Amino acid sequence: MSTPQLVVHRDKELMAEAAAARLITRIVDAQAARGSASIVLTGGRNGNGLLAALGSAPARDAVDWSRLDLWWGDERYLPEGDPERNVTQARAALLDRVPLDPARVHAMPASDGPYGSDVDAAAAAYAEELAAAAGPGDHGGVPTFDVLMLGVGPDTHVASLFPELPAVRETERTVVGVHGAPKPPPVRISLTLPAIRAAHEVWLLAAGEDKAKAAAIALSGAGEVQAPAAGAYGRSRTLWLLDAAAASELPRSLYPPASA
Ligand SMILES: O=C(O)[C@H](O)[C@@H](O)[C@H](O)[C@H](O)COP(=O)(O)O
């Protein structure tokens, strides 16, 4: 488990631009070292803001888009192309404008696909796809993602792991179907905490006043069942990327940094 590091930006626009620049560097480094990179995208405004910023970042062409694997941390279980699907929003924000290899864009299944309304079967299929991509050096049936990004909800949810619901308690499976999510739509697919924790780096994105309490709770030693964001950490790095509003209620020991 890596101790969270915090980076606080003036506002959400700057946060998105700085995070996009950081992501480009991370992808380029991974591609230089291993030939490819593997990234997990998040739904939500902050994740999509980051993708849009990536699309207009000056260094965007440093990325070899054809050697990038994209996975999702969660998905809203809706028909293919639905505007509320995370993948549809990611395509609109960036993916349709860069030369990705379609075989390496691992969207989660849609509700009008082969599993129909059986979201648990759809989740199991995504777990198999992850397991098939995992190599001998990887842990827990998922590839070691270079960076896994997560938006943070006002209730401290990450991916589709909501406080107290069964999905956040899952310790065996890497992907689960979620029923009765408090944020619409109620039926979703989500990576579990064990799958999230297999990533090298986990980045949590939080911008806006409505995230201030969630960030303070998750970073103050709350339990992961009550505050799922508290259980999201990477093998080598856990990074909270915040804007000033989301950081406004952090305990003084965290922000400004204790060393200041
Ligand atoms: O499908 C979703 O809704 C998400 O993946 C969800 O976990 C999201 O990331 C957070 O709710 C934060 O969303 P915002 O960035 O829009 O606040």
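Here, residue 1 is the first one in the sequence, and each next residue gets the next number. Start at 1 and go down the list; that is how both ligands and their atoms are numbered. Source: prediction; values computed, not measured.
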Note to self: Which heavy atom of Ala206 sits nearest to which heavy atom of Ala246, and what is that distance?
What the structure shows: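 Heavy-atom minimum between the residues: O-CB, 3.3 Å.
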Margin query: Under 4.5 Å side-chain heavy-atom separation, chaining through any Ile, Leu, Val, Met, Phe, Trp or Tyr, what else clusters with Phe162? Say none if it is isolated.
Written below: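 Members besides Phe162, by chain and number: Leu165.
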Margin query: Please check whether Lys211 reaches ligand 1 - meaning an N/O of the residue sits under 3.5 Å from an N/O of the ligand, judged on distance alone.
Written below: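 N/O-N/O distance under 3.5 Å: yes.
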Next item on the list: Go through the steps for Arg188 and Asp74 under the test salt bridge (charged side-chain N to carboxylate O under 4.0 Å, His left out), then give the verdict.
Entry: CA-CA 7 Å; Arg188 293 161 166 261; Asp74 73 329; 3.4 Å; yes
Any idea which atoms of ligand 1 are less than 4.0 Å away from a heavy-atom of [X]?
X: Arg45; answer: 14 (P), 15 (O), 16 (O), 17 (O)
X: Asn86; answer: 1 (O), 5 (O)
X: Val152; answer: 12 (C)
X: Thr42; answer: 5 (O), 9 (O)
X: Gly151; answer: 9 (O), 12 (C)

Item checked: Residue list, side chain to side chain donor-acceptor pair (under 3.5 Å) with Thr25, at least two apart or on another chain ->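 In terms of side chain to side chain donor-acceptor pair (under 3.5 Å), with neighbours along the sequence ignored, Thr25 is linked to no residue.
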Notebook entry, point to check: Just wondering, more than 12 heavy atoms not from Glu129 lying within 6.0 Å of its CD?
Noted result: yes
Margin query: Are more than 12 heavy atoms, taken from residues, nucleotides or ligands other than Glu164, located less than 6.0 Å from that residue's CD atom?
Written below: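 Buried by this count: over 12 neighbours within 6.0 Å.
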Item checked: Region of Glu75 that comes within reach of ligand 1 [heavy atoms, distance under 4.0 Å] -> neither
Item checked: Any Ala159 heavy atom less than 4.0 Å to ligand 1 ->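 Under 4.0 Å: yes for Ala159.
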Notebook entry, point to check: Judged by non-hydrogen atoms, does Arg188 sit under 4.0 Å from ligand 1?
Noted result: yes
Notebook entry, point to check: To the nearest 0.1 Å, how far is atom 8 (C) of ligand 1 from its closest protein heavy atom, and which atom is that?
Noted result: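 Heavy-atom neighbour on the protein nearest atom 8 (C) of ligand 1: Gly43 O, 3.6 Å.
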Checklist line | Residue and atom name of the nearest protein heavy atom (relative to atom 6 (C) of ligand 1), distance in Å to one decimal | finding: His157 NE2, 3.5 Å
Check: For the side chain of Gln5 and the backbone of Trp240, is there at least one donor-acceptor N/O pair under 3.5 Å apart?
Finding: no
Next item on the list: Check each of Met149, Arg76, Arg85 against atom 3 (O) of ligand 1 and report the one with the nearest heavy atom.
Entry: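 Looking at heavy atoms only, the winner is Arg76.
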Margin query: Please compare Asp74, Asn46, Asn48 and report which has the shortest non-hydrogen distance to atom 5 (O) of ligand 1.
Written below: Asp74
Checklist line | Glu201 with Arg22: basic N within carboxylate O range, under 4.0 Å | finding: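 Judged by the 4.0 Å cut-off on N to carboxylate O distance, Glu201 and Arg22 do not form a salt bridge.
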Check: Quick one: CD1 on Ile27 to CG on Leu54, what's the gap to the nearest 0.5 Å?
Finding: 6.0 Å
